[in-house]
Amino acid sequence: MTFEEIKALDHQYVLQTYTRNELAIDHGKGAKLYDTEGKEYIDFTAGIGVCSLGYANERWARAIYDQAMKLGHISNLFYAEPYAKLAKRLVEGSGMAGAFFGNSGAEANEGMIKLARKYSYDKYGRGRATVITLKNSFHGRTITTLKATGQDHFHEFFFPFTEGFRYANANDLESIHAAAGDDVCAVMMELIQGEGGVNPLQKDFVQAVAALCAEKDWLLLIDEVQTGIGRTGTLFAYQQFDIQPDVVTFAKGIAGGLPFGGFLANEKCRNVLGPGNHGSTFGGNPMAAAAGQVVLDTLTPDFLAQVRAKGERLKKGIEALRSPYVSGVRGMGLMLGVGVQGMTHKELRDRLMANGLLTLTAGKDTLRLLPPLVISEEEIDQGLAIMARVMQ
């Protein structure tokens, strides 16, 4: 089908909840994508951080096929090998104690919030259920995770929202203290605010919040839906902040392209949720768990070191452009934000796309770069060459 035919089908039969780019993708290989006309693009999006192994990865596809031919789905009424093996590897790699599997980042964050509130209810009773989150954060699009999100424009239309959230300023411990109270049960943070503009938190702030949570017996909840599973150059970003959360969520890159997510709980929290307290019909799906094992197989120490090195190569390459349209570059590993000036971030995204480079936007003025973790140095340099043409 042509682009126009696909677009016409979309507009006729699909609810128009997305502002899509004027482009239809047909197939991909590695870190390159091809549209319906055969034009090649360097991909700095990875399906918004999902396609960690890029496209047409044979080992990943074979694992899904083999598992599908053996057992595609069974439900959580029975034991199955794939999810159990994946849980073991995630627990051992994170220093946590137990895993829960679901379908998405929003679902993972919902479960984490439920765990925090039940932990507090079990220990202190009613009236201690408020979760402090940070302004400019993003935690999902369900009613509860929208309210957890610290951006006012998400708190529209869908009233009434779930109660029990207060917001503090990022990198401002006094603001956390100001939001505190006897009704607080947890603090929930992204270590890099992705949707809000790719803004990394300061290490001393994160450690101070962790210490405050330990002092007050608030749970430290870390949302690593976007930063986790190798994106920043370690299995989880918190491992570079020298903290250990009570609960951490993951999704996006864990299954390399299949819907999958969940959270890990520490020893203190591993038994908070019991039978009937939480669940997910598709959680721990055998095919997605098999794909997740291939992703974890790939994330060796050497591979993660390469992610950090490739992130530095990309960051320094953008800085070396000395473009009048760039106000700065920030981030960790292969999660970078480019401050845009002199045009809107969407205008720059569209110009780059027209020249063969796919990027994302975030916040009000940020170009967001989330390449597949397997991207080569040559492909990074090709992307930088396109940026040089467009941005100088």
Side-chain angles (χ1 to χ4, degrees), residues 49-50 52 63-64 67 71 73-119 122 139-140 145 186 188 190-191 219-232 234-239 243-299 304:
V50 169
S52 49
I64 295 169
Q67 184 59 51
L71 182 68
H73 179 70
I74 192 60
S75 90
N76 289 302
L77 298 176
F78 305 94
Y79 296 98
E81 179 182 329
Y83 77 81
K85 292 175 70 174
L86 183 65
K88 178 179 185 291
R89 297 180 69 177
L90 285 168
V91 165
E92 291 179 347
S94 65
M96 302 297 274
F100 176 89
F101 295 125
N103 305 291
S104 69
E107 183 184 348
N109 285 337
E110 286 261 0
M112 180 164 67
I113 292 165
K114 286 177 66 176
L115 186 153
R117 288 179 170 172
K118 187 171 185 296
Y119 171 85
D122 289 347
H139 296 294
T145 55
M188 181 174 176
E190 303 163 276
L191 297 178
L219 293 193
L220 178 62
L221 312 179
I222 302 297
D223 175 353
E224 294 228 31
V225 167
Q226 191 164 153
T227 55
I229 316 300
R231 173 56 53 185
T232 66
T234 46
L235 182 61
F236 288 98
Y238 73 76
Q239 293 168 318
I243 61 165
Q244 191 69 27
D246 293 301
V247 191
V248 60
T249 54
F250 57 88
K252 289 193 180 290
I254 179 60
L258 295 185
F260 205 59
F263 57 84
L264 301 171
N266 67 2
E267 190 64 41
K268 180 172 75 173
C269 297
R270 68 170 298 165
N271 295 318
V272 170
L273 297 175
N277 292 147
H278 195 50
S280 173
T281 296
F282 293 98
N285 172 267
M287 292 184 294
Q293 292 191 55
V294 175
V295 171
L296 293 188
D297 285 342
T298 305
L299 302 184
L304 291 171

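The aromatic rings of Phe250 and Phe101 sit perpendicular, their planes meeting at an angle over 60°, well past the 30° parallel limit.
For Gly105 against Ala251, the heavy-atom pair with the smallest separation is N-CB, 3.5 Å. Smallest separation of non-hydrogen atoms from Ala186 and Leu221: CB-CD1, 3.7 Å. Closest heavy-atom contact between Ala291 and Ile64: CB-CG1, 3.9 Å. For the residue pair Ala80 and Ile74, the shortest heavy atom distance occurs at CB-CG2, 4.3 Å. Among all heavy-atom pairs drawn from Gly256 and Ser52, the shortest one is CA-OG, 3.8 Å. Taking all atoms of both residues into account, the shortest heavy-atom contact from Gly140 to Ala106 is CA-CB, 4.1 Å.
Within a 6.0 Å sphere centred on NZ of Lys85, heavy atoms belonging to other residues, nucleotides or ligands number 12 at most. Atom NZ of Lys268 is surrounded by more than 12 heavy atoms from other residues, nucleotides or ligands within 6.0 Å.
Within the 4.5 Å cutoff, side-chain heavy atoms of Phe263 are placed close to those of Leu273. Within the 4.5 Å cutoff, the side chain of Leu264 has no heavy atoms near those of the Phe100 side chain. When side chains are defined from C-beta on, His278 does not count as touching Leu115, because their heavy atoms never get closer than 4.5 Å. Looking at Asn109 and Met188, their side chains come closer than 4.5 Å, going by heavy atoms from C-beta outward. Side-chain contact between Leu299 and Leu296: present, with at least one pair of heavy atoms (C-beta onward) separated by less than 4.5 Å. By the 4.5 Å heavy-atom criterion applied to side chains, Asn103 and Asn285 are not counted as neighbours. Using a 4.5 Å heavy-atom threshold, the side chains of Met287 and His73 count as separate. Put simply, the side chain of Gln244 does not reach to within 4.5 Å of the side chain of Asn266, judged on heavy atoms.
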Test side chain to side chain contact (heavy atoms under 4.5 Å, CB included) on Leu71 and Phe78 and set out the steps. CA-CA 12 Å; Leu71 182 68; Phe78 305 94; over 6 Å; no
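Here the CD1 atom belonging to Ile222 is positioned 4.5 Å from the CG atom belonging to Leu191, to the nearest 0.5 angstrom. If you take CE on Met112 and SG on Cys269, they are separated by 11.0 Å, rounding to the nearest 0.5 Å. Once rounded to the nearest 0.5 Å, the distance linking CZ of Phe260 with OG of Ser104 reads 12.0 Å. How far OG1 of Thr281 is from CG of Leu77: 9.0 Å, rounded to the nearest 0.5 Å.
Arg270 places a side-chain N or O within 3.5 Å of a backbone atom of Ala97 that can act as its donor or acceptor partner. Gln293 places no side-chain N or O within 3.5 Å of a backbone atom of Arg89 that could act as its donor or acceptor partner. Using a distance-only test at 3.5 Å, with no hydrogens or angles considered, a donor-acceptor pair links the side chain of Glu224 to the main chain of Ala237. Checking side-chain atoms of Gln226 against main-chain N and O of Gly49 turns up no donor-acceptor pair under 3.5 Å. At least one donor-acceptor pair under 3.5 Å links the side chain of Tyr238 to the backbone N or O of Ser94. Remark: side-chain polar atoms of Ser280 are not paired, donor with acceptor, to backbone N or O of Gly102 under 3.5 angstrom. Side-chain atoms of Lys114 come within 3.5 Å of backbone atoms of Asn277 as a donor-acceptor pair (strictly under, hydrogens ignored).
For the side-chain hydrogen bond (donor to acceptor under 3.5 Å, both in side chains) test with His139, the passing option among Thr145, Asp223, Thr249 is Asp223; the others fail.
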